[in-house]
Amino acid sequence: MTTKAYGAHAADKPLEPIAIHRREPGARDVQIEIAYCGVCHSDLHTVRSEWGGTLYPCVPGHEIVGHVSAVGAEVTKFKEGDTVGVGCLVDSCRTCPSCGEGLEQYCEVGMVGTYNGPTQDPPGHTFGGYSERIVVDEDFVLAIRHPEEQLAAAAPLLCAGITTWSPLRHWNVGPGEKVGIVGIGGLGHMGVKLAHAMGAHTVAFTTSESKREDALKLGADEVVVSRNAEEMRAHAGSFDFILDTVAASHNLDAFTSLLKRDGTLCLVGVPEDPHPSPDISALIFRRRSIAGSLIGGIAETQEMLDFCAEHGIVSDIETIRIQQIDEAYERMLRSDVKYRFVIDNSTLRS
Ligand code: NAP
Ligand code: ZN
Ligand code: ZN
């Protein structure tokens with residue numbers, strides 16, 4: 001079925017209206033009319049091929065929410081009219097050890113990304129949520145239990161939410177722990193909200209003086225402007241866990257030095273250029289770790305969505321028309337986002 005979308009034809013080309021093909025729903029498929037789609041920094045990295053390997057045309061978007069418009073004959077979990085979401089992955093092998101443990105994002109055969117992933121559908125790679133509709137196997141569709149008026153603000157939970165939730169849970173963040181969140185953008189602002197909701201003493205690290213007040217409102221107990229060496233020094237050796245969401249290359253030693261003995265700095269930002277090599281002695285002499293984490297599995301994504309619905313947690317968003325996407329990218333590059341752009345997909349039809 002022909003579907004209106006926004007995509008780029010090359011790394012140096014802006015996004016523009018394009019028509020894409022969506023398959024007719026198969027027996028296990030759910031067809032979703034997309035209401036809103038969040039704008040992740042990964043969309044920008046991919047559209048501009050900053051990580052290499054982007055297949056064109058490229059239609060990004062993996063923070064998808066909308067309503068079911070058709071289901072295949074064997075679908076049992078969803079019915080027409082249901083409010084649903086699709087995050088960063090739409091398939092995996094389902095049989096490897098990681099899939100078996102519900103960690104499909106680490107599928108050892110290779111998970112299928114919501115965009116730029118391999119598919120039988122023409123032209124051979126997946127298209128994301130900057131489009132009118134999407135067709136996804138029911139096992140990779142999430143139930144959204146937030147009230148309808150929060151639907152747009154729930155969209156960023158599908159990537160920004162789960163990408164921060166998964167490491168916070170994996171490293172058992174909770175009461176009595178001091179946790180840092182670095183970079184108060186789309187991921188970081190969700191990290192602050194979630195770490196706070198988990199009961200940790202939460203410290204927001206920002207390069208933007210202008211975000212100081214906001215970060216407290218998001219749930220931070222303290223805010224540190226990371227360009228201020230004195231403010232940084234005051235926290236030396238005091239953190240159990242720090243989650244670094246920064247989308248650009250930077251000096252990691254500034255944060256490893258803030259960890260306690262046995263503390264962990266977990267990286268989720270994937271910059272175009274590598275970080276400078278960290279100071280190894282800062283790790284060795286305090287048995288500190290630098291780790292990484294990739295989005296989250298389907299079961300934990302549903303767990304996070306339900307937790308957020310129950311606790312009234314959504315993203316702080318600025319809704320945009322699809323025609324404003326290039327401007328949104330430029331603002332994201334200037335760290336001028338409060339705190340996630342979300343596309344109103346009905347504007348694809350105007
Ligand atoms: P974003 O909204 O642009 O936020 C990134 C924030 O990092 C900025 O708002 C800014 O916060 C800070 N920052 C930017 N440039 C900086 C610099 N040069 N030095 C220090 N701080 C800087 O991006 P996002 O959507 O949250 O994504 C963040 C990164 O995570 C991207 O690289 C994205 O591709 C990646 N990502 C990874 C996963 C995963 O599974 N691991 C999933 C999704 C996204 P302040 O103004 O507060 O300093
Ligand atoms: Zn993302
Ligand atoms: Zn697998």
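Below, all heavy atoms of this structure are taken into account, side chains as well, without hydrogens, waters or symmetry copies. This chain uses plain numbering: 1 for the first residue, then up along the sequence. Atoms within a ligand are numbered from 1 in the order they appear, just like the ligands themselves.
When each of D29, D82, D139, D137 is checked for a salt bridge (charged side-chain N to carboxylate O under 4.0 Å, His left out) with K77, only D139 meets the rule.
Although no hydrogens or angles enter the test, the distance criterion places no donor-acceptor pair under 3.5 Å between the side chain of Q31 and the main chain of V68. Counting only distance, with no hydrogens or angles, the side chain of E104 and the backbone of G297 share no donor-acceptor pair below 3.5 Å. In this structure, H146 contributes its side chain and I313 its backbone to a donor-acceptor pair below 3.5 Å.
Aromatic ring centroids of F205 and F239 lie under 6.0 Å apart. Aromatic ring centroids of Y130 and Y115 lie 6.0 Å or more apart.
In this model, a donor atom of one side chain and an acceptor atom of the other lie less than 3.5 Å apart for H235 and K178.
The CD1 atom of I184 sits 7.5 Å away from atom CG of L218, with the distance rounded to the nearest 0.5 Å.
With the Zn ion (ligand 2) as the vertex, NE2 (H62) and SG (C40) define an angle of 120°, rounded to 10°.
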Every pair of nitrogen or oxygen atoms between ligand 1 and the protein that is under 3.5 angstrom apart - can you list them with their distances to 0.1 Å?
from, atom 1, to, atom 2, distance (Å)
ligand 1, 2 (O), G186, N, 2.9
ligand 1, 3 (O), H41, ND1, 2.7
ligand 1, 9 (O), K211, NZ, 3.3
ligand 1, 11 (O), I184, N, 3.2
ligand 1, 23 (O), H41, ND1, 3.4
ligand 1, 25 (O), H41, N, 2.9
ligand 1, 25 (O), R340, NH1, 2.6
ligand 1, 26 (O), G186, N, 3.4
ligand 1, 26 (O), L187, N, 2.8
ligand 1, 32 (O), H45, NE2, 2.9
ligand 1, 32 (O), V270, N, 3.0
ligand 1, 34 (O), S42, OG, 2.8
ligand 1, 34 (O), H45, NE2, 3.3
ligand 1, 40 (O), I295, N, 2.7
ligand 1, 41 (N), V268, O, 3.0
ligand 1, 41 (N), S293, O, 3.0
ligand 1, 46 (O), S208, OG, 2.5
ligand 1, 46 (O), K211, NZ, 2.7
ligand 1, 47 (O), I184, N, 2.7
ligand 1, 47 (O), T206, OG1, 2.5
ligand 1, 48 (O), T207, N, 2.8
ligand 1, 48 (O), T207, OG1, 2.5

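Salt-bridge check for D12 with R48: failed, with every basic side-chain N at 4.0 Å or more from each acidic carboxylate O.
Checking C88 against the Zn ion (ligand 2), every N/O/S atom stays at or beyond the 2.8 Å cut-off.
Few gaps surround CZ on R212; more than 12 heavy atoms of other groups in view lie less than 6.0 Å from it.
Closer than 2.8 Å to the Zn ion (ligand 3) sit the protein N, O or S atoms C93 SG, C96 SG, C99 SG, C107 SG.
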